[in-house]
Chemist: 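Attaching a single structure in structure tokens format; questions to follow.
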Amino acid sequence: MTENMKLLLDDRWAPITSEMGFLETETEQAARALTAWRAGLQAPRGIAVEARPVSGPLEQALSSLLPMTSPETRRELFIPTRSPWTVYVENGWGGTDASSVMRYMARTLGCRSLRVVAVPHTLRKDKGRYGAVMLEVYGPHQTARLNLVRALGASNDGGRWVFDQSGEPFPFEKVEQYQARRVRDRFTFDMLKEYLHQLGLSPFEEDFYLPEGAPAWLVERTGTFVPAQREYTLAQAREQF
């Protein structure tokens, strides 16, 4: 992995886009399903959950997530693509956390879903980010690890590079690369892009999103949140790196 990854929108929307989820389903359907799930969980707290379309170019759609919040996420966004896949991002202060949502939605909607992580390693003298390249594929059916089908990742874990994999490799994988001497070379950003291309995605290209003016869908929670709830601008969230 290198520090000059060509990331979506030149990484201006990190940490929101540092991790993304993808669902192999229609965008409004995904938003409605998540809204129903969230509403059932939040109703006892008096928190309302609604979904609405968001028009405009990609950065305008992403801006509907702002401000970012902590400790509770308030806004989640589904964006259509030029493929059968829909992207998922949310407004948590630390960035999108797609894993549990992708697991649940794959089972509920009977489709495949992905968790994609791409973070450049920029840490210098306690400033910057620990690098990570990860791909997780979920399915609608039970596996040895809930509904995880395949997982690959090379990440810097507090100063030490680690490589992890589970599940059966896809036919297009470069399995010989997983034996590379340098751990960080066993699953690279270029490999991630190639694997995603094989699955029908080009998630780091701006023109992959919002085809023919199709709207994104925002799922928003409103009501009284925990007393510790705080709001942050994107610039404030980026100060951590």
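All of these numbers come straight from a predicted model, not from anything done at the bench.
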Chemist: Enumerate the salt bridge (Lys or Arg N to Asp or Glu O under 4.0 Å) contacts for residues 130-148, please, sequence neighbours excluded, ordered by first and then second residue.
Modeler: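 Found R115-E136.
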Chemist: Any side-chain to backbone donor/acceptor pair from N91 onto P67? Under 3.5 Å, distance only.
Modeler: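 Yes, N91 side chain to P67 backbone: donor-acceptor pair under 3.5 Å.
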Chemist: Considering non-hydrogen atoms only, spot the tightest contact between Q240 and A237 and give its length.
Modeler: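 What the structure gives for the nearest pair is NE2-O, 2.6 Å.
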Chemist: At what distance, to the nearest 0.5 angstrom, does CZ of R75 lie from CG of L66?
Modeler: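 One finds 7.5 Å between CZ of R75 and CG of L66.
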Chemist: Heavy-atom distance under 4.5 Å between the side chains of P71 and V226, does that happen here?
Modeler: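 Result yes, sub-4.5 Å side-chain heavy-atom pair found.
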Chemist: Indicate, with yes or no, if the rings of F187 and F163 have centres closer together than 6.0 Å.
Modeler: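 No, ring centres 6.0 Å or more apart.
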Chemist: Decide whether W13 and W217 are clustered together by the hydrophobic rule: side chain heavy atoms of Ile, Leu, Val, Met, Phe, Trp, Tyr closer than 4.5 Å, transitively.
Modeler: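 Cluster IDs for W13 and W217 differ.
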Chemist: Under a 4.5 Å side-chain heavy-atom rule over Ile, Leu, Val, Met, Phe, Trp and Tyr, are L34 and I79 clustered together?
Modeler: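 No, L34 and I79 fall in different hydrophobic clusters.
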Chemist: Would you please test T69 and Q229 for side chain to side chain contact (heavy atoms under 4.5 Å, CB included) and show each step?
Modeler: CA-CA 7 Å; T69 57; Q229 185 81 347; 3.5 Å; yes
Chemist: Looking at E50, I want to see if its CD is surrounded by more than 12 non-hydrogen atoms of other residues, nucleotides or ligands under 6.0 Å.
Modeler: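 Not buried by this count: 12 neighbours or fewer within 6.0 Å.
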Chemist: Pair L199, F172 - check side chain to side chain contact (heavy atoms under 4.5 Å, CB included), show working.
Modeler: CA-CA 10 Å; L199 291 168; F172 53 75; 4.1 Å; yes
Chemist: Taking N156 for its side chain and G131 for its backbone only, find out whether a donor-acceptor pair lies under 3.5 Å.
Modeler: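 Pair absent, no side-chain N/O of N156 close to backbone of G131.
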Chemist: Can you see which heavy atom on P44 is nearest to which on G40, and at what distance?
Modeler: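 Minimum heavy-atom contact is CD-O, 3.8 Å.
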Chemist: Find out if a path of hydrophobic residues (ILVMFWY) with successive side-chain heavy-atom gaps under 4.5 Å connects F189 to V175.
Modeler: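 Linked, F189 and V175 end up in one cluster.
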Chemist: Run the salt bridge (Lys or Arg N to Asp or Glu O under 4.0 Å) check on D11 and R129 step by step: do they pass?
Modeler: CA-CA 13 Å; D11 215 24; R129 289 184 283 176; 2.6 Å; yes
Chemist: Given side chains that start at C-beta, do those of V87 and P203 come closer than 4.5 Å, heavy atoms only?
Modeler: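 Counting from C-beta outward, V87 and P203 never come under 4.5 Å.
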Chemist: Just do the salt bridge (Lys or Arg N to Asp or Glu O under 4.0 Å) check on E72 and R45 with the steps written out, would you?
Modeler: CA-CA 13 Å; E72 293 189 75; R45 299 176 58 198; 2.7 Å; yes
Chemist: Verify the cluster assignment for V101 and L77: are they in a single hydrophobic cluster under the rule of side-chain heavy atoms below 4.5 Å apart?
Modeler: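 No; L77 is not reachable from V101 via cluster members.
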Chemist: May I ask you to test the W161-R182 pair for a side-chain heavy-atom distance under 4.5 Å?
Modeler: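 W161 does not reach R182 side chain to side chain.
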Chemist: Would a 4.5 Å heavy-atom cut-off, applied to side chains only, mark R112 and Y138 as touching?
Modeler: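 Not in contact.
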Chemist: Is the shortest heavy-atom distance from the side chain of M191 to the side chain of R186 under 4.5 Å?
Modeler: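 M191 does not reach R186 side chain to side chain.
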Chemist: As a test of understanding, state which of L218, V219, T35 forms a side chain to side chain contact (heavy atoms under 4.5 Å, CB included) with R52.
Modeler: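 By the side chain to side chain contact (heavy atoms under 4.5 Å, CB included) criterion, R52 pairs with just one of L218, V219, T35: L218.
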Chemist: With no hydrogens and no angle check, is any side-chain donor or acceptor of E90 less than 3.5 Å from a backbone partner on G92?
Modeler: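 Yes.
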Chemist: When you look at CZ of R12, are more than 12 heavy atoms from neighbouring residues, nucleotides or ligands closer to it than 6.0 Å?
Modeler: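 Check passes, neighbour count above 12.
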Chemist: Any idea which heavy atoms bring L7 and P120 closest together, and the distance?
Modeler: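 That would be CD1-CD, 3.7 Å.
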Chemist: So which heavy atom on G167 is nearest to which on R150, and how close?
Modeler: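 For G167 versus R150, the nearest heavy atoms are O-NH1, 3.0 Å.
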Chemist: Under the criterion side chain to side chain contact (heavy atoms under 4.5 Å, CB included), I'd like the reasoning laid out for L109 against E24: C-alpha separation, chi angles, the key distance, then a yes or no.
Modeler: CA-CA 9 Å; L109 296 175; E24 201 171 23; over 6 Å; no
Chemist: With rounding to the nearest 0.5 angstrom, report the CG to CZ distance, L135 to F170.
Modeler: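 L135 atom CG to F170 atom CZ measures 7.5 Å (nearest 0.5 Å).
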Chemist: Does some side-chain heavy atom of V116 sit less than 4.5 Å from a side-chain heavy atom of M134?
Modeler: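 No, too far: nothing below the 4.5 Å cut-off.
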Chemist: Answer yes or no: is there a side-chain heavy-atom contact under 4.5 Å between T73 and M68?
Modeler: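 The answer is no, as the side chains (C-beta and beyond) never meet within the 4.5 Å cut-off.
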Chemist: Does any N or O in the side chain of T233 come within less than 3.5 Å of the main-chain N or O of Q236, such that one atom is a donor and the other an acceptor?
Modeler: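 Pair found, side chain donor or acceptor close to backbone of Q236.
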Chemist: In Å, rounded to the nearest 0.5 Å, how long is the span from CG of L58 to CG of L9?
Modeler: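 One gets 5.0 Å once the value is rounded to the nearest 0.5 Å.
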Chemist: With a 4.5 Å heavy-atom cut-off, do L8 and F208 have their side chains touching?
Modeler: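 Not in contact.
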Chemist: Considering non-hydrogen atoms only, spot the tightest contact between Y130 and V119 and give its length.
Modeler: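 Scanning both residues completely, I find the closest heavy atoms to be O-CG1, 3.5 Å.
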Chemist: At what distance, to the nearest 0.5 angstrom, does CG of N147 lie from CZ of R107?
Modeler: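 Going from CG on N147 over to CZ on R107, the span is 5.0 Å.
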Chemist: Tell me whether L65 is reachable from V49 by hopping between hydrophobic residues (I, L, V, M, F, W, Y) whose side-chain heavy atoms are closer than 4.5 Å.
Modeler: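 No; L65 is not reachable from V49 via cluster members.
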Chemist: Considering only residues two or more places apart or on different chains, which pairs with a residue in residues 65-105 satisfy ring-ring contact (aromatic ring centres under 6.0 Å, His included)?
Modeler: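 The answer is W37-Y104, F78-Y88, W93-Y232.
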Chemist: Drop me the distance from D185's CG to Q177's CD, to the nearest 0.5 angstrom.
Modeler: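 One gets 6.5 Å once the value is rounded to the nearest 0.5 Å.
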Chemist: Check this for me, if you would: do E212 and R82 make a salt bridge, where the nitrogen-to-carboxylate-oxygen distance has to be below 4.0 angstrom?
Modeler: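 Yes, E212 and R82 are salt-bridged.
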Chemist: I need the L192 CG to H197 NE2 distance, nearest 0.5 Å.
Modeler: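 Here the rounded value is 13.5 Å.
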Chemist: For atom CD of Q142, decide whether the heavy atoms of other residues, nucleotides or ligands shown that lie under 6.0 angstrom number more than 12.
Modeler: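 Result for CD/Q142: enclosed.
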Chemist: Which atom pair, heavy atoms only, marks the closest approach of S113 to L23?
Modeler: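 Shortest heavy-atom contact: CB-CD2, 3.6 Å.
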Chemist: Using a 3.5 Å distance criterion without hydrogens, assess whether the side chain of T108 forms a donor-acceptor pair with backbone atoms of M105.
Modeler: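 Here the side-chain-to-backbone pair does not exist.
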Chemist: Which is it for L148 and V137 under the side chain to side chain contact (heavy atoms under 4.5 Å, CB included) test, yes or no, and what are the steps along the way?
Modeler: CA-CA 6 Å; L148 181 68; V137 181; 5.9 Å; no
